[in-house]
2 protein chains.
Amino acid sequence: MKTATRTPRERRQERTRQDILLAAIDIIAEEGAEQLSLREIARRIDYSPAALYRHFDSKEAIVDAVCNEATRRLGDSLTVVPETLPPVEYLVELGMAYLRFANDHPQHFRFIATWRVPMPEDITREQMEQAADNPADPFSLLYRAIQRGIDVGLLRVKPNYATLEMALSMWALAHGMAVLQTQRLGKIPMDYARANRQAFQDFIKGMGD
Amino acid sequence: MKTATRTPRERRQERTRQDILLAAIDIIAEEGAEQLSLREIARRIDYSPAALYRHFDSKEAIVDAVCNEATRRLGDSLTVVPETLPPVEYLVELGMAYLRFANDHPQHFRFIATWRVPMPEDITREQMEQAADNPADPFSLLYRAIQRGIDVGLLRVKPNYATLEMALSMWALAHGMAVLQTQRLGKIPMDYARANRQAFQDFIKGMGD
DNA sequence: CTTACACTGTGAACAGTGTTCACAATTCAA
DNA sequence: TTGAATTGTGAACACTGTTCACAGTGTAAG
């Protein structure tokens, strides 16, 4: 599989575009999102601030691209969970992977959580219901796992509460725990790994009857 | 009960301090948090920008105060849930009230959720375990309700997963759902009220065995 | 090879931001 | 009435995102 860009010009373009994004990501990781400025990005990659506008329409566009990249990385760290696990275990480990990412990259997680929930852009019911063929997408992973749980009889569909609703609730739980724990609540002395696991297990259990 | 401030001077001080905060809250509600600027606040209350520094050390201090005020309001809309309800129903309604606030005041909720999770500042285990006497605090409401559920036998304590952990998980679920639904996910056509209720019920159910 | 032309990068400028500070005006107590 | 403390201000500073005319470069056509 080759890159779609042909000419040297386009390759150079694509490269500095990536440089801009990587610099932005570094700044966020090192100094926090509020320190992200066009001038700092430009300084790091030896350009003038104005030059960035040859690659992005605005700072917001850069922020958006960074969000997408960070979301992609979060998605990657979810795909490492072996999909061969039994449904319940798989769901629990998905949630734990989500929390691990938030814990390992707090700045990035805070960043994307501030601007948007790290989820695929447009979720419609039809789109989701045919998502079994989209293996890479992180929300699809969750959706399919829920569906599997239903098929096996571990989860029970209720009125107005089917696969999509369960998947969203599960995502909400993971996201909420991640937000809570990447903020000042890390101070409370408790065994987070165990507690988190228990919370996921309980929730799944509760969806089963 | 009289105000603690005595002299006319102190009363005037307190009043313009409130004016500043109210202006800030209005701006956030009307134009969004990113439009909040000291100059706009000053314009609205007929002061120069520099004058604000007689009442607050920095913009961050104003933001902090606004956060506290918004958190207080969120807490108020949780206290309307009658504490006489049976434990499970009470917990569900508490969560629904949280979501209702987020839905009714999306800008304010987004604002506090961006800067901090809307929770009391310092939560320690000891502090929580003697919180039965702090009726007003919203997290204490949740904590006590969980405790009641345990006492009645509806919730089961597990290793490393007692009252505090359950309360935090429940808060995380509500917060996560609120964040998800105040973002672009409101587009998905589904019966949110029913789905949310079901999610809370399932979660509580799952903590019961 | 030379002539066009599109592309790339820049410095300077603009309007906006949070913040500071010397200074004037006011309020208040002695 | 005097004196000090409080209150408010305009001007300035350093920063931000953004625009734009301009110079230099790369590329493709004649």
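Naming: A, B, ... by sequence-line order, numbering from 1 per chain. These numbers come from the heavy atoms of this one structure, side chains and all, not from hydrogens, waters or symmetry mates.
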### Task
May I ask you to verify if any side-chain N or O of B/Q13 is less than 4.0 angstrom from the OP1 or OP2 atom of D/dT6?
no
### Query
To the nearest angstrom, how far is A/I45 atom CD1 from C/dT10 atom P?
10 Å
### Task
For A/I20 and C/dG9, give me the distance from atom CD1 to atom P, rounded to whole Å.
9 Å
### Task
Provide, to the nearest angstrom, the distance between the OH atom belonging to B/Y47 and the C1' atom belonging to D/dT7.
8 Å
### Nucleotide-level pairing of DNA chain D, given in dot-bracket where Watson-Crick and G-U pairs need both distances under 3.5 Å and | marks other strands
||.|||||||||||||||||||.|||.|||
### Message
Suppose we screen for side-chain hydrogen bond (donor to acceptor under 3.5 Å, both in side chains). Which residues come up paired with A/R44, at least two apart in sequence or across chains?
### Response
A/E30, A/E31, A/E40
### Task
Could you pull out all residues at least two apart from A/H55 that satisfy side-chain hydrogen bond (donor to acceptor under 3.5 Å, both in side chains)?
A/T16
### Task
Give the rounded distance in Å between these two atoms: CG of A/D46 and P of C/dG11.
12 Å
### Message
List the residues meeting side chain to side chain contact (heavy atoms under 4.5 Å, CB included) with A/P159, not counting sequence neighbours, and say none if there are none.
### Response
B/R194
### Message
Going by the rule side chain to side chain contact (heavy atoms under 4.5 Å, CB included), which residues pair with B/T163 if we only count those two or more places apart in sequence or in a different chain?
### Response
B/Y143, B/I146, B/Q147, B/I150
### Message
If I take atom CD in residue A/E10 and atom C1' in nucleotide C/dT8, what distance separates them, rounded to the nearest angstrom?
### Response
15 Å
### d(CZ, A/F56; P, C/dT8) in whole Å
14 Å
### Query
For A/S58, which residues count as a side chain to side chain contact (heavy atoms under 4.5 Å, CB included) partner, sequence neighbours excluded?
A/E60, A/A61
## Note on the structure
salt bridge (Lys or Arg N to Asp or Glu O under 4.0 Å) filter on B/R100, not counting sequence neighbours, yields none
### Where protein sits on nucleotides 14-30 of chain D, one letter per nucleotide: B base, S sugar-phosphate only, - none, heavy atoms under 4.0 Å
--BBBBBB----BS---
### Task
Pick out which of A/D191, A/N196, A/D202 makes a side-chain contact (heavy atoms from CB on, under 4.5 Å) with B/Y161.
A/D202
### Query
Which residues pass the side-chain hydrogen bond (donor to acceptor under 3.5 Å, both in side chains) test with A/D76, sequence neighbours left out?
A/R72
